[in-house]
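Before any comments, here is the structure.
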Amino acid sequence: MDRPIDHGLSPYRAFSRNEWAQLRRDTPMTLRPDEITRLEGLGVHLSIKEVEEIYLPLSRLLSLYVAATQKLFRAMSHFLDARDAEANGEGKMPYIIGVAGSVAVGKSTTARVLQALLARWPNTPKVDLVTTDGFLLPNAILEREGLMEKKGFPESYDLSLLLRFLTDIKAGRRPVRAPLYSHFFYDVMPDQYVEIDRPDILIVEGLNVLQTTRPPKDGKAIPFVSDFFDFSVYIDGDEDVIERWYVERFMRLRSTAFTDPLSYFHRYSKLTEDEAKATALSIWRRINLPNLQDNILPTRQRANLILSKAGDHEVAEVKLRRL
Ligand SMILES: Nc1ncnc2c1ncn2[C@@H]1O[C@H](COP(=O)(O)OP(=O)(O)OP(=O)(O)O)[C@@H](O)[C@H]1O
Ligand SMILES: CC(C)(CO)[C@@H](O)C(=O)NCCC(=O)O
């Protein structure tokens with residue numbers, strides 16, 4: 001009898017929600033309900049149950065990984081006889097975690113929850129967070145290059161600035177500045193920065209963090225953003241569900257942030273409900289959906305961990321890449 005064809009082992013180990021929740025083991029809950037509420041993004045309800053069942057086990061895993069990496073770093077310092085540098089604190093290497101996924105999938109909420117949980121572990125008290133939105137090209141340049149309808153696409157970012165930022169972080173330079181983006185003004189803020197001063201962990205959140213670049217013709221290799229990551233998470237969801245989240249968030253912003261005359265989208269606050277819904281759907285289908293399909297989703301299989309969300313932002317399945 002013919003032997004069955006071996007289709008190969010999946011690079012991921014899949015966990016149902018319940019299986020994953022068991023991996024919390026005896027990790028104590030370190031966030032109070034009011035602290036959790038403060039971490040919620042617009043339209044992203046975060047329950048205590050969700051933090052306990054999904055994000056606490058993930059923080060336990062990450063804490064173990066960070067400890068192992070810190071040990072490896074000490075082994076390397078020992079090999080190089082660089083103990084003096086280590087004693088001076090020069091030998092500290094931030095552990096970098098990338099968080100990827102579509103617009104409106106909840107990346108920033110996840111990144112904030114991980115930041116809060118990881119900062120409560122004894123070996124990683126200082127956890128900083130940056131979003132790659134700050135590395136978008138300013139609107140003035142996007143307009144000049146005809147890229148305003150391509151915001152969030154690979155060509156809309158200053159990739160070399162992002163790579164220089166990550167190189168400086170990994171080189172232990174201090175402090176390192178990351179530019180700031182404002183959703184309210186829909187633009188990068190000139191001369192506004194967030195200072196990153198040698199954290200134990202740096203979380204880098206953005207659509208583009210797992211994207212690869214085409215090999216250059218001149219043979220000078222450009223690193224990938226993810227070459228700087230020690231661990232990466234992709235937040236996944238069905239397209240129609242993310243579309244709904246995008247439209248719902250737009251409708252909520254219409255009655256809040258957009259009502260301010262200084263807001264970039266102020267004109268949308270004057271639309272009727274139906275017109276506003278149609279506008280949100282049109283932006284989603286013209287810009288964010290094609291970006292998800294062409295540039296973001298293809299990077300999913302590069303992540304170390306995939307969190308698959310269902311309709312109410314609750315994680316239904318977790319996939320962990322085998323080592
Ligand atoms: N036009 C706006 N005006 C004010 N705040 C906004 C605006 N658009 C988005 N925001 C805020 O900025 C946050 C990040 O928005 P962004 O579009 O980058 O979402 P994202 O990070 O892709 O989505 P998520 O955080 O849901 O993954 C939103 O959660 C929302 O609170
Ligand atoms: C700033 C990004 C690219 C990513 O957060 C996104 O929020 C965005 O503005 N996308 C462009 C289309 C839109 O306005 O939704």
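Every number for a ligand or one of its atoms is a count from 1 in the order of the listing. Treat the numbers as computed from the prediction; the structure is a model and nothing was measured.
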request  = Taking only heavy atoms of Tyr246 into account, list the atoms of ligand 2 that are under 4.0 Å away from them.
outcome  = 13 (C), 14 (O), 15 (O)

key: Those atoms of ligand 2 less than 4.0 Å from some heavy atom in Leu136   = 1 (C)

query = Taking both backbone and side-chain atoms of Asn288, is any N or O found less than 3.5 Å from an N or O belonging to ligand 2?
reply = yes

request  = Look at the aromatic rings of Phe135 and Phe165 and report parallel, tilted or perpendicular, splitting at 30° and 60°.
outcome  = tilted

message = Just to be sure I read this right, does ligand 2 sit under 4.0 Å from the backbone of Thr131, its side chain, both, or neither, counting only heavy atoms?
response = neither

query = Does Tyr186 come within less than 4.0 angstrom of ligand 2, counting non-hydrogen atoms of the residue?
reply = yes

note = The answer for which part of Trp284 has a heavy atom under 4.0 Å from ligand 2 is neither

request  = Please state whether the rings of Phe250 and Phe258 are parallel, tilted or perpendicular, taking 30° and 60° as the class boundaries.
outcome  = perpendicular

request  = Look at ligand 2 and say whether Asn291 reaches it with a heavy atom at a distance under 4.0 Å.
outcome  = no

request  = Check whether the ring centres of Tyr264 and His266 lie less than 6.0 Å apart, and answer yes or no.
outcome  = no

ask   = In terms of side-chain heavy atoms, does Asn139 have a donor or acceptor partner in Lys151 at a distance below 3.5 Å?
value = yes

query = Do Phe265 and Leu253 touch side chain to side chain, with heavy atoms closer than 4.5 Å?
reply = no

message = Could you go through Arg302 and Ser232, starting from their C-alpha distance and side-chain angles, then the distance that decides it, and tell me whether this counts as side chain to side chain donor-acceptor pair (under 3.5 Å)?
response = CA-CA 8 Å; Arg302 305 192 63 241; Ser232 56; over 6 Å; no

request  = Check each atom of ligand 2 against the heavy atoms of Ile283 and keep those under 4.0 Å away; list them by number with element.
outcome  = 12 (C), 13 (C), 14 (O), 15 (O)

key: Contacting atoms of ligand 2, where contact means under 4.0 angstrom from a heavy atom of Gly152   = 3 (C)

query = Side chains of Thr132 and Asn208: is there a donor and an acceptor less than 3.5 Å apart?
reply = yes

task = Give a yes or no on whether the ring-centroid distance for Tyr65 and Phe231 is below 6.0 angstrom.
result = yes

task = Give the atoms of ligand 2, by number and element, whose distance to some non-hydrogen atom of Asp133 is under 4.0 Å.
result = 4 (C), 5 (O)

request  = Using heavy-atom distances, let me know which of Asp187, Val103, Leu207, Ile287 sits nearest atom 6 (C) of ligand 2.
outcome  = Val103

